[in-house]
A.B. asks: 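The structure under discussion is supplied below as C-alpha cells; questions concerning it will follow.
This one's a predicted model, so the numbers in the text were calculated from it and none came from an experiment. Each ligand, and each atom within it, is numbered from 1 in the order the structure gives.
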Amino acid sequence: MPTCFRFLFSDLLVLFLLLLTASLSSPQPLCHQDESLALMQFMDSFIIDNHTFLSSCYPKTASWRVEAEHGRADCCSWDGVECDPHTGHVIGLDLSDGCLYGSINSNSSLFRLSHLLSLNLAFNYFNYSKIPSTIGNLSRLTYLNLSQSYVSGDVPSEVSCLSKLSSLDLSYNDDLNIGSLTRLVQNLTCLEEILLSGVNISSSVPESLANLSSLRTLRLGSCGLYGEFPIRIFQLPQLRVLIIANNEDLTGQLPEFHSSNVLQALSLYHTNFSGSIPNSLWNLTQLTVLYLSRNSFDDLSCLTKASSNHTFPHLQYLGLFSLNLTKFPNFLRNQNKLVLLDLSGNNIQGIIPKWMFHASKENLQYLYLFNNLLTGFKNSRDVLRLPNLRMLHLHNNMLQGSLLISQIPPSIQDLDLSNNFLTGFENSRDVLPLPNLRMLDLENNRLQGSLPIPPPSIQYLYLSNNFLTGFENSRDVLHWPNLRVLDLRNNRLQGSLPISQIPPSIQYLYLSNNFLTGFENSRDVLPLPNLRMLDIQNNKLQGSLPIPPPYVQFYRVNKNAFTGEISPLFCNLRSLVDLDLSYNNLSGKLHPCFCNLSQSLIVFELRSNNIGGTIPNAWAKGCSLKVMNLNHNQLQGRLPRSLANCKELEYLDVGYNKIHDTFPLWLGTLPELKIFILRSNGFYGAIRNIQINCTLSNLHIIDLSHNNFSGDLPAECFQQWNAMKLFGAKKLQYMMDDYVGILYSISLTAKGIELEYERIQDELIVIDLSCNRFEGEIPEVVGSLKGLHILNFSNNALSGHIPSSLANLTGLESLDLSQNKLFGEIPPQLAQLTFLEIFKVFNNCLIGPIPHGSQFERFPNSSFDGNPGLCGSPLSKACGDSLPKPPNEGNQGLVSPFEFGWKVVAIGYGCGFVIGIVIGQWVIARKQDWFVNIFRIKK
Ligand SMILES: *[C@@H]1O[C@H](CO)[C@@H](O)[C@H](O)[C@H]1NC(C)=O
Ligand SMILES: *[C@@H]1O[C@H](CO)[C@@H](O)[C@H](O)[C@H]1NC(C)=O
Ligand SMILES: *[C@@H]1O[C@H](CO)[C@@H](O)[C@H](O)[C@H]1NC(C)=O
Ligand SMILES: *[C@@H]1O[C@H](CO)[C@@H](O)[C@H](O)[C@H]1NC(C)=O
Ligand SMILES: *[C@@H]1O[C@H](CO)[C@@H](O)[C@H](O)[C@H]1NC(C)=O
Ligand SMILES: *[C@@H]1O[C@H](CO)[C@@H](O)[C@H](O)[C@H]1NC(C)=O
C-alpha cells in the first residue's frame with residue numbers, strides 16, 4: 001500500500017473523529033426560555049379570530065400552545081419561529097396572515113426578542129394601534145414587514161434607527177403617518193427594499209433616496225407624494241421595481257435608459273410626469289410590468305410609432321390607459337407574453353384588430369378596453385382565440401347589434417359590456433355557453449325581450465336600463481345556485497314576480513322601476529334566506545307587504561300600491577338599516593315593537609300612506625335613526641319624547657298628520673338635526689325661549705307652518721341656529737345619508753307652490769312658520785341667519801316694523817310676510833336682496849314707498865295689495881314729491897344689464913334646488929354594496 005494513501009486514510013479518520021466530538025459537544029440548542037416565554041405572552045395578547053378576516057388566514061400561533069403543554073417548550077420548532085442554529089436565539093418571526101387580532105403595546109413582550117433579524121407581522125389586524133417606540137429594541141432587524149396590519153399613527157423615530165434594515169414594508173396602512181421620508185431613510189443606508197404604497201406620506205421624494213445604491217425595490221404608490229421626482233432614482237444600478245403610481249401631484253421626467261438598466265417593473269400611472277417618453281424605453285428589455293398612464297407626456301411616438309421589431313420580450317402586464325391613443329399600438333402585435341392589457345380610457349376607434357385575438361396571445365387573462373370608441377370586432381366570424389381570458393371589460397364603447405356569444409371564450413369569468421348599444425344575443429334561447437362566467441354586466445344597453453340565460457356559475461348579474469320583459473323559459477331555467485346580485489332595475493318586467501325562481505343564494509335583488517304587479521306564490525316570508533337588499537321601488541305591486549327574511553338590511557318597496565298593515569314581524573329584522581315604505585296605501589297602526597329596530601335602523605320612510613294611531617314611544621338609548629319621515633299619514637297623539645334618544649337624527653318629518661302636542665322641548669338634545677318638519681298638524685302653544693334648549697346648530701330647514709303655535713317668535717332659538725348663519729356653499733353637495741347612500745328628498749312650499757325636492761342641496765336653508773298665531777315683532781336677529789333662502793312668516797299676527805336687518809340675508813330668494821299686522825315702511829335696504837324672486841307683504845298695514853331699483857318693481861301688484869299706505873312702482877299710486885330720486889333713474893342703459901344679470905344669476909342659481917332636479921332617489925351605490933362584500937375585514 002503506498003504510504004501517501006495510508007497517510008490520507010488516517011487523516012480522514014482523525015477528521016471524522018473531530019467532527020463527531022464537535023457535534024456531540026454542541027447539539028442543536030433548544031430555545032431560550034425567556035424568549036419562549038416572550039413569544040407565549042405575545043401570542044396571548046391577541047385574539048385568534050379567523051372570523052374577523054374574510055379571506056382565509058392561518059393561525060400559526062394556535063399550535064404553539066399545544067407544544068407548551070408538554071412542559072419544556074422548544075420554541076425553535078414552533079411554526080413561524082426561526083432560531084439561530086448556533087446560539088438558539090430567536091432570529092426570525094413570521095406570523096404574517098396569522099389571524100392575530102388585538103393591539104400591540106409598547107411593553108409588548110415581542111420587543112424582548114432582541115436577537116430578531118426578521119419580523120413579519122403583515123396581514124394581521126392590530127386594531128389601529130401605534131407602532132410602539134420600543135421597536136427600537138430590535139436593533140438587529142434587517143427585515144421588517146407590517147404590511148396591511150392596521151397600525152396607525154406616526155411611525156416612531158426609532159424605526160429610522162434600525163440601521164441594519166434592508167427591507168422595510170409598511171405598505172397599505174392608510175392611517176399611518178410617515179412624517180418625513182427624508183428622516184425615515186437617512187440612517188437606513190442598507191435599504192434594498194422600501195415598500196410604502198398606500199401609506200399617507202404627503203411630502204416630496206427626497207433626493208437622498210438616490211444615494212441608496214443597493215436599492216432594488218421602491219414602491220411608493222398612492223402616497224400623496226408631490227414635487228419633482230429625483231431623476232437619479234431611475235438610474236440606481238440595482239433598481240428592479242419602481243412603483244410611484246397614483247400620486248397625482250408628483251411631477252418628473254423620464255431619463256434616457258441605458259441598456260444595462262435592470263428595471264423589471266415600472267409603474268407611473270396617475271402621476272404628473274411630463275415631457276416625452278424617450279425611445280430608449282426600448283432598452284428596458286427586462287420589463288415585465290409597465291404602466292404609463294394618465295400622465296402629461298406630450299410625446300408618445302416612442303410607443304405609437306414603434307416599428308414591429310420593437311418589443312419588450314418579457315412584458316406581461318401592460319397598462320396604457322388614458323393616454324389619448326386613437327388606435328391599437330402596433331408593437332402589441334409582438335407582445336406575446338401579455339397576461340394583462342389595459343388600454344382603457346383612450347380614444348381608440350373602430351374595430352378591434354384581428355391580431356389582438358391571434359393564437360400567440362394565448363397568455364392573455366385580463367383585457368380592459370373600456371371607455372373607448374370601439375364598435376366591434378373585425379369580423380363577426382372571428383372567435384376570440386384567447387383560451388385563458390378571464391376578464392373582458394368593454395363597457396362604455398359603441399358596440400352595436402347582436403352580441404355574438406360564440407366569440408367570447410369559454411374561460412371568461414367577468415364580462416362587462418355595459419353602456420353600449422347592444423340589442424340582444426345571438427342564440428339567446430340557449431344558456432350562454434360560458435361555464436366560468438361569474439359576472440355579467442349588460443346594463444345600459446338596448447336589450448329587448450327576454451333575458452339571456454347565464455350559466456349556473458353566475459354570481460353577479462347586472463341588466464338594468466334595458467328593455468327586458470322577462471325571463472326566457474323562466475319556469476325551469478333559473479338554476480343559478482351562486483347568484484348573489486341580480487339587478488333588473490329600469491326594464492319592462494311585467495306581471496307577477498316569480499319569487500320561486502329567484503335562487504336562495506341571492507343577496508342583492510334590484511327590481512325597481514318596472515311594471516311588476518305582484519308576487520307569484522307569495523307566502524308570508526320571502527323564501528330567500530340570504531337576502532340583504534330588496535329593492536322593488538316604483539312598480540305596481542299590490543296586496544300586503546312581503547315579509548323579508550331575517551337578515552335583510554335594505555327593504556325598499558316605496559312607490560307601489562301595497563295595502564294593509566305593517567306586520568309586527570318586521571320588528572324581528574334586527575339587521576334592518578333602511579326601511580322605505582313610502583308612497584303606498586298602507587294603513588293600520590305602527591306596532592310599538594318597531595322601536596326594537598332602533599339599534600340598526602338608520603332610515604325609516606313611511607311618508608304618504610294612511611297609517612293611523614300614535615307614533616311608538618319606546619326609542620331606546622343608542623337609537624341609530626338618522627331619517628324618520630312620517631309625512632302625510634293619519635298619525636295622532638303626541639310626538640314621542642323618546643325620540644330624544646335618537647342622537648343621530650338628521651331628518652325628522654311628521655308633517656301632514658294629526659299630531660296634537662306642544663313644541664318638543666327636547667329638540668335641543670338632537671345635535672345633528674338638519675331638517676325638522678311639523679307642518680299641518682295640531683301643534684299648539686308658545687315656543688317659550690327660556691324653557692327650550694334649542695341649540696340646533698346644524699338646523700337647515702324648519703317648517704312649523706299650518707299649526708296653532710302662538711306667542712312670540714322664538715328669537716333666542718334663531719340666535720343659536722348657527723348653520724343658518726353661513727352664507728354661500730363651498731361646493732355643490734346634496735344632503736344624503738352617507739351610510740345608506742340615499743339622497744334626502746322633501747316637499748316644501750317655496751315660491752308659492754309646493755314642490756317635491758328629489759334632492760336637497762346641502763346649503764338650502766329654510767324657515768317656514770307661516771299659518772300659525774305667532775304675534776309680537778319680527779326679531780332683528782333673523783337678519784343674522786345669512787344663509788336663508790326661504791323665509792315665510794305669513795299668516796300670523798305679527799306686528800311692528802319689518803326689521804331692516806333682513807337686508808343682510810343676501811341669499812334670500814323668497815320672503816313672505818303677508819297677512820300679518822306689520823306697519824311702518826318697507827326698509828329701502830331690502831332692495832339689496834338681488835336674489836329675491838318672491839316678495840309678499842300683502843294684507844298688512846305698511847305705508848310709504850316700495851323700495852326701488854332692482855327687482856322690486858317687477859313683483860306683481862298682488863304682492864303689495866291690502867296695504868292702503870303703500871305707494872310707488874309697481875303700484876299705480878305715486879308717492880309724491882317727498883320721494884328722493886333713485887341715483888340711476890333715467891339711465892336705462894345701465895339698469896337693464898343689471899336686471900338681465902340678476903335674472904340669469906337667479907335662474908342659474910335657483911335651478912339647483914328651487915326647480916329641483918328630478919333624478920330619482922334610486923341612485924344608489926350598487927357597486928358600493930358589492931365592495932362592502934369583498935372588503936377583507938368585516939366591519
Ligand atoms: C379594538 O379597538 C376598539 C376601539 O378602540 C376597542 O373597543 C376594542 O376592544 C379593541 N379590540 C381589541 C381586540 O383590542
Ligand atoms: C402594558 O401597558 C398597558 C398600558 O399601555 C397596561 O395596561 C398593561 O398592564 C401593561 N402590561 C404589562 C404586562 O406590563
Ligand atoms: C410582507 O408580507 C406579506 C405577507 O406575507 C408579503 O406578501 C409581502 O411580500 C411581504 N413584503 C416583503 C417586502 O417581503
Ligand atoms: C395625509 O397627511 C396630510 C398631512 O399629514 C394630511 O393633511 C392629509 O389630510 C392626509 N391625507 C389623507 C388622505 O389622509
Ligand atoms: C448623496 O451622496 C453624495 C456622495 O456621497 C453626497 O455628496 C450627497 O450629499 C448625498 N446626497 C444626499 C441628499 O444625501
Ligand atoms: C347687518 O349687517 C351689518 C353690516 O354687516 C351689521 O352692522 C349689522 O349688525 C347686521 N345686522 C344684523 C341683525 O346682523
A.B. asks: Give the C-alpha distance, both sets of side-chain angles, the deciding distance and a yes or no for ring-ring contact (aromatic ring centres under 6.0 Å, His included) between Tyr101 and Phe46.
C.D. replies: CA-CA 5 Å; Tyr101 172 44; Phe46 298 105; 9.0 Å; no
A.B. asks: In terms of ring plane angle, is the pair His393 and Phe370 parallel, tilted or perpendicular, where the classes change at 30° and 60°?
C.D. replies: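 Tilted, since the angle between the ring planes falls between 30° and 60°.
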A.B. asks: Which is closest to atom 4 (C) of ligand 4 in terms of heavy atoms, Ser202, Ser222, Gly224?
C.D. replies: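 Heavy atom nearest to atom 4 (C) of ligand 4 belongs to Ser202.
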A.B. asks: Regarding Asp97 and Lys60, does a basic nitrogen lie under 4.0 Å from an acidic carboxylate oxygen?
C.D. replies: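 Lys60 and Asp97: not salt-bridged.
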A.B. asks: Can you tell whether the side chains of Glu207 and Arg232 come within less than 4.0 Å, N to carboxylate O?
C.D. replies: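 Arg232 and Glu207: salt-bridged.
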A.B. asks: In ligand 3, which numbered atoms sit nearer than 4.0 Å to a non-hydrogen atom of Tyr143?
C.D. replies: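 It comes down to these atoms of ligand 3: 1 (C), 10 (C), 11 (N), 12 (C), 14 (O).
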A.B. asks: Starting from atom 9 (O) of ligand 4, which protein heavy atom do you reach first, and at what distance in Å?
C.D. replies: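 Scanning the protein heavy atoms, the shortest distance from atom 9 (O) of ligand 4 goes to Asn200 ND2, 4.8 Å.
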A.B. asks: Identify, by atom number and element, the atoms of ligand 3 in contact range of Phe123, meaning under 4.0 Å from any of its heavy atoms.
C.D. replies: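 By the 4.0 Å cutoff, the relevant atoms are 4 (C).
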A.B. asks: Counting only heavy atoms, which portion of Leu195 has something under 4.0 Å from ligand 3: side chain, backbone, both, or neither?
C.D. replies: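 The answer is the side chain.
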A.B. asks: Are Glu192 and Arg216 within salt-bridge range, i.e. N to O under 4.0 Å?
C.D. replies: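 A salt bridge links Glu192 with Arg216.
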A.B. asks: So which heavy atom in the protein is nearest atom 10 (C) of ligand 3, and how far is it from that ligand atom?
C.D. replies: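 Looking only at protein heavy atoms, the one closest to atom 10 (C) of ligand 3 is Asn145 ND2, 2.4 Å.
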A.B. asks: Report the C-alpha separation of Cys75 and Cys83 in whole Å, then their side-chain angles, then the decisive distance to 0.1 Å, and conclude whether the disulfide (SG to SG under 2.5 Å) test is met.
C.D. replies: CA-CA 8 Å; Cys75 67; Cys83 292; 4.7 Å; no
A.B. asks: Got an N/O contact under 3.5 Å between Asn177 and ligand 4?
C.D. replies: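 No; every N/O pair is 3.5 Å or more apart.
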A.B. asks: Within the structure, does at least one protein heavy atom fall under 4.0 Å of atom 2 (O) of ligand 3?
C.D. replies: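 Yes, there is one.
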A.B. asks: Looking only at protein heavy atoms, which one is nearest to atom 5 (O) of ligand 3, and how far off is it?
C.D. replies: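 Protein heavy atom at minimum distance: Ser96 OG, 3.3 Å.
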A.B. asks: Looking at atom 7 (O) of ligand 4, tell me if a protein heavy atom falls under 4.0 Å from it.
C.D. replies: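 Answer no: nothing from the protein, no heavy atom, is under 4.0 Å.
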A.B. asks: Can you list the ligand 1 atoms lying under 4.0 Å from a non-hydrogen atom of Ile47?
C.D. replies: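 Counting atoms of ligand 1 from 1, those under 4.0 Å from Ile47 are 13 (C).
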A.B. asks: Which of parallel (below 30°), tilted (30 to 60°) and perpendicular (above 60°) describes Phe229 and Phe234?
C.D. replies: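 Rings of Phe229 and Phe234: perpendicular, as their planes differ by over 60°.
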A.B. asks: Going by the atom numbers of ligand 1, which of them fall below 4.0 Å from some non-hydrogen atom of Asn127?
C.D. replies: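 Matching atoms, with element in brackets: 1 (C), 2 (O), 3 (C), 8 (C), 10 (C), 11 (N), 12 (C), 14 (O).
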A.B. asks: Between Asn120 and ligand 3, which part of the residue brings a heavy atom under 4.0 Å of the ligand: side chain, backbone, both or neither?
C.D. replies: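 For Asn120, the contact with ligand 3 is made by the side chain alone.
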A.B. asks: If you draw a 6.0 Å radius around NZ in Lys130, do more than 12 non-hydrogen atoms from other residues or ligands fall strictly inside?
C.D. replies: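 Open.
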A.B. asks: Should the ring pair His32 and His89 be called parallel, tilted or perpendicular, given that the plane angle runs from 0 to 90° and is split at 30 and 60?
C.D. replies: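 Rings of His32 and His89: parallel, as their planes differ by under 30°.
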A.B. asks: Verify whether one side chain among Tyr551 and Arg532 offers a donor that lies under 3.5 Å from an acceptor in the other.
C.D. replies: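 No, because no side-chain N or O of Tyr551 sits under 3.5 Å from a partner of the opposite role on Arg532.
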A.B. asks: What are the atoms of ligand 3, with element, lying closer than 4.0 Å to any heavy atom of Asp169?
C.D. replies: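 Per the distance check, 1 (C), 10 (C), 11 (N), 12 (C), 13 (C).
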A.B. asks: Closer than 4.0 Å and a protein heavy atom, does any atom meet both conditions relative to atom 14 (O) of ligand 1?
C.D. replies: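 For atom 14 (O) of ligand 1 the answer is yes, since some protein heavy atom falls inside 4.0 Å.
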